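Note that the structure is a prediction, hence the values are computed from the model and not measured. Throughout, protein chains are lettered first and strands after them, A, B, ... in sequence-line order, and every chain is numbered starting at 1.
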Number of protein chains: 2
Amino acid sequence: MRWQDIDQQPCSLARTLAIIGDNWTLLVLRDCFMGVRRFDDFQQRLGVTRHVLSDRLRKLTEGGVLDKVAYQERPLRHEYRLTAMGKELYPVIVHLAQWGDKHLAGEHGAPLIRYHRQCGEPLEAQLQCSHCGDTVKPTDIRVEENPYWAGQILVNS
Amino acid sequence: MRWQDIDQQPCSLARTLAIIGDNWTLLVLRDCFMGVRRFDDFQQRLGVTRHVLSDRLRKLTEGGVLDKVAYQERPLRHEYRLTAMGKELYPVIVHLAQWGDKHLAGEHGAPLIRYHRQCGEPLEAQLQCSHCGDTVKPTDIRVEENPYWAGQILVNS
DNA sequence: ATAGTTGGTTCCCATTTGGAACTTATAGTC
DNA sequence: GACTATAAGTTCCAAATGGGAACCAACTAT
């Protein structure tokens with residue numbers, strides 16, 4: 001199977017990765033959450049080649065994660081902004097960064113610290129069930145198949 | 001900059017993606033959390049080519065996310081298990097899948113439903129600050145630079 | 001008239017991927 | 001003893017993708 005066909009999988013994670021799972025794309029999103037909006041700013045910060053950046057921004061826009069809006073006419077110039085849908089990827093970015101902070105930081109510590117404004121403390125993100133408010137561990141989850149795709153997703157349980 | 005040099009960046013997210021940010025790798029991890037451990041099982045479920053799978057499993061093992069352990073001698077056979085460090089990526093997987101469930105599911109709905117055993121309800125994961133217990137939105141976060149890398153990460157604020 | 005800015009596209013070459021066949025070591029069956 | 005199956009890869013080739021650099025278009029500023 002080719003990577004470009006994974007958006008045809010029923011799995012929600014596969015479909016998500018069809019939009020944001022490419023090399024460089026999650027780093028583009030990191031910069032979006034840092035307030036970067038313009039092509040050349042992305043390009044300089046990431047060091048990615050221009051045609052790859054162009055392709056990734058197009059895929060994110062087509063996928064509904066970014067919105068390409070004109071910020072001036074004459075000459076026409078566009079910038080890329082997170083949509084509401086895109087902003088919902090924030091937990092993914094935070095957990096990825098936090099995992100790196102914890103396991104991959106060198107002797108100088110994490111390069112960025114995220115403070116929770118409301119309590120003033122460095123953010124320690126956890127997986128929380130919004131229904132009961134409890135913190136969730138992998139073993140706390142029971143997975144059930146949607147009968148429509150019975151047998152196509154789960155191999156074991 | 002080449003993608004393979006991304007692990008030299010100070011950014012924790014970039015370092016994380018150097019291990020798990022490749023195409024296919026997050027799908028390998030999805031299967032790990034579903035209990036898949038063996039090479040041929042990964043290969044058949046993902047449809048990825050065998051040498052790419054071999055490469056990704058090696059990178060995950062070198063990165064400390066998976067552990068390659070022999071499950072039999074004669075003939076020697078190995079399987080891949082999540083390490084404690086690997087299991088901490090569970091929130092990333094859950095949030096990615098949940099985002100796909102919400103925004104990319106077709107008419108038949110999400111293919112898998114995750115139930116929280118403790119409360120019995122379908123899991124709705126949220127970003128939570130473990131210090132104060134509040135739910136966290138992107139605007140609730142204030143980012144500060146570690147002075148050691150001053151100016152190298154943040155462009156604006 | 002010339003240089004600079006912004007947001008790309010085009011070109012070439014090297015690396016990576018997809019697909020399939022092959023390998024190694026062993027167990028089980030005819 | 002010969003054949004087949006299993007598991008976990010490795011090797012091969014053609015096609016697709018990526019890195020690096022140059023180029024282009026439509027302006028603005030000096």
Side-chain angles (χ1 to χ4, degrees), chain A residues 1-9 14 17-28 31-32 35-62 66-81 155-156, chain B residues 1-9 14 17-28 31-32 35-62 66-81 155-156:
Chain A
M1 176 185 274
R2 290 180 295 269
W3 174 256
Q4 60 183 34
D5 296 334
I6 46 155
D7 60 342
Q8 323 237 325
Q9 295 270 101
L17 294 177
I19 300 175
I20 65 162
D22 273 305
N23 296 9
W24 295 110
T25 300
L26 280 162
L27 289 178
V28 171
D31 277 4
C32 290
V36 179
R37 292 178 174 178
R38 297 193 184 173
F39 190 92
D40 279 19
D41 289 338
F42 286 113
Q43 203 272 316
Q44 283 170 42
R45 288 169 53 89
L46 297 174
V48 63
T49 54
R50 302 173 76 80
H51 60 312
V52 170
L53 176 60
S54 177
D55 175 76
R56 298 300 186 270
L57 288 171
R58 187 181 47 74
K59 279 185 186 161
L60 285 169
T61 304
E62 288 171 358
L66 297 182
D67 209 5
K68 184 176 181 175
V69 295
Y71 66 87
Q72 70 172 36
E73 318 278 334
R74 319 184 52 81
L76 186 57
R77 293 279 182 265
H78 295 97
E79 63 182 14
Y80 297 89
R81 296 188 196 182
V155 159
N156 59 356
Chain B
M1 175 184 272
R2 289 180 297 270
W3 175 256
Q4 62 184 37
D5 297 332
I6 205 71
D7 59 342
Q8 323 241 322
Q9 294 270 103
L17 294 178
I19 300 175
I20 65 163
D22 273 305
N23 297 8
W24 295 111
T25 301
L26 279 163
L27 288 178
V28 171
D31 277 4
C32 289
V36 178
R37 292 179 173 179
R38 298 194 184 174
F39 190 93
D40 279 19
D41 289 338
F42 286 113
Q43 203 271 318
Q44 284 171 40
R45 288 168 53 90
L46 297 174
V48 64
T49 53
R50 302 176 75 81
H51 59 315
V52 170
L53 177 60
S54 177
D55 176 75
R56 298 300 185 273
L57 288 170
R58 186 180 49 72
K59 279 184 186 160
L60 285 169
T61 305
E62 287 172 0
L66 297 181
D67 207 7
K68 184 176 180 175
V69 296
Y71 66 87
Q72 70 173 35
E73 319 276 335
R74 326 187 45 82
L76 186 58
R77 294 278 183 268
H78 295 98
E79 63 182 12
Y80 297 89
R81 296 186 195 183
V155 159
N156 59 357

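Checking the phosphate oxygens (OP1, OP2) of C/dT9, a side-chain nitrogen or oxygen of A/Ser54 falls inside 4.0 Å. Side-chain N/O atoms of B/Arg56 include one lying less than 4.0 angstrom from OP1 or OP2 on C/dT17. For A/Tyr71, a side-chain nitrogen or oxygen approaches OP1 or OP2 of C/dG7 to under 4.0 Å. OP1 or OP2 of D/dT17 has at least one side-chain nitrogen or oxygen of A/Gln4 nearer than 4.0 Å.
For B/Tyr80, the listed nucleotide lying nearest its side chain is D/dG9; candidates were D/dG9, C/dT26, D/dT17. In this structure, the nucleotide among C/dA25, D/dG9, C/dG8 sitting nearest to the side chain of B/Pro75 is C/dA25.
Using a 4.0 Å heavy-atom distance criterion, B/Arg58 is classed as making no nucleic acid contact. Here B/Gln43 lies out of heavy-atom contact (under 4.0 Å) with every strand. Within the nucleic acid shown, A/Arg50 comes within 4.0 Å of at least one base atom, counting heavy atoms only. Among the heavy atoms of the strands, none lies under 4.0 Å from B/Phe42. Looking at heavy-atom distances under 4.0 Å, B/Glu79 makes no contact with the nucleic acid at all. Within 4.0 Å of B/Arg2, counting heavy atoms only, lie sugar-phosphate atoms of the nucleic acid but no base atom. Residue contacts for A/Arg77: at a heavy-atom cut-off of 4.0 Å it reaches a base atom on one of the strands shown.
If you take NE2 of B/His78 and P of D/dA8, they are 10 Å apart, rounded to a whole angstrom. Atom CZ of A/Phe39 is separated from atom P of D/dA25 by 17 Å (rounded to the nearest Å). Following rounding to the nearest Å, A/Leu53 (CG) and D/dG19 (P) show an atom-to-atom distance of 11 Å. Atom CG of B/Leu76 is separated from atom P of C/dA27 by 12 Å (rounded to the nearest Å). One atom, CH2 of B/Trp3, and another, C1' of D/dG20, lie 18 Å apart when rounded to the nearest Å. Summarising the geometry, the separation between CZ on A/Arg45 and C1' on C/dT6 is reported as 18 Å, rounded to the nearest angstrom. Rounded to whole Å, atom C1' of D/dA7 lies 11 Å from atom CD of B/Gln44. Residue A/Gln72 contributes atom CD, which lies 8 Å from atom C1' of C/dT6 at whole-angstrom precision.
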Candidate pair A/Val48 and B/Met1, rule side-chain contact (heavy atoms from CB on, under 4.5 Å), full reasoning: CA-CA 6 Å; A/Val48 63; B/Met1 175 184 272; over 6 Å; no
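B/Gln43 places no side-chain N or O within 3.5 Å of a backbone atom of B/Leu46 that could act as its donor or acceptor partner. Proximity of a side-chain donor or acceptor of A/Arg58 to a complementary backbone N or O of A/Leu53 within less than 3.5 Å is not detected. Listed for the A/Gln44 side chain is no donor-acceptor partner under 3.5 Å among the backbone atoms of A/Gly47.
The closest side-chain heavy-atom distance from B/Asp31 to B/Tyr80 is not below 4.5 Å. A/Phe39 has its side chain within reach of A/Arg50: a pair of non-hydrogen atoms, C-beta onward, lies under 4.5 Å apart.
Cation-pi geometry between A/Arg38 and A/Tyr71 is satisfied (NZ or CZ under 6.0 Å from the ring centre, within 45° of the ring normal).
For A/Arg45 and A/Asp41, the salt-bridge test fails: no basic side-chain N is under 4.0 Å from an acidic carboxylate O.
Projected onto DNA chain C by closest heavy-atom contact, A/Arg38 and A/His51 fall at different nucleotides, the more 5' of which corresponds to A/Arg38.
Contact check of residues 17-25 of chain B against DNA chain C (heavy atom, cut-off under 4.0 Å) returns B/Trp24.
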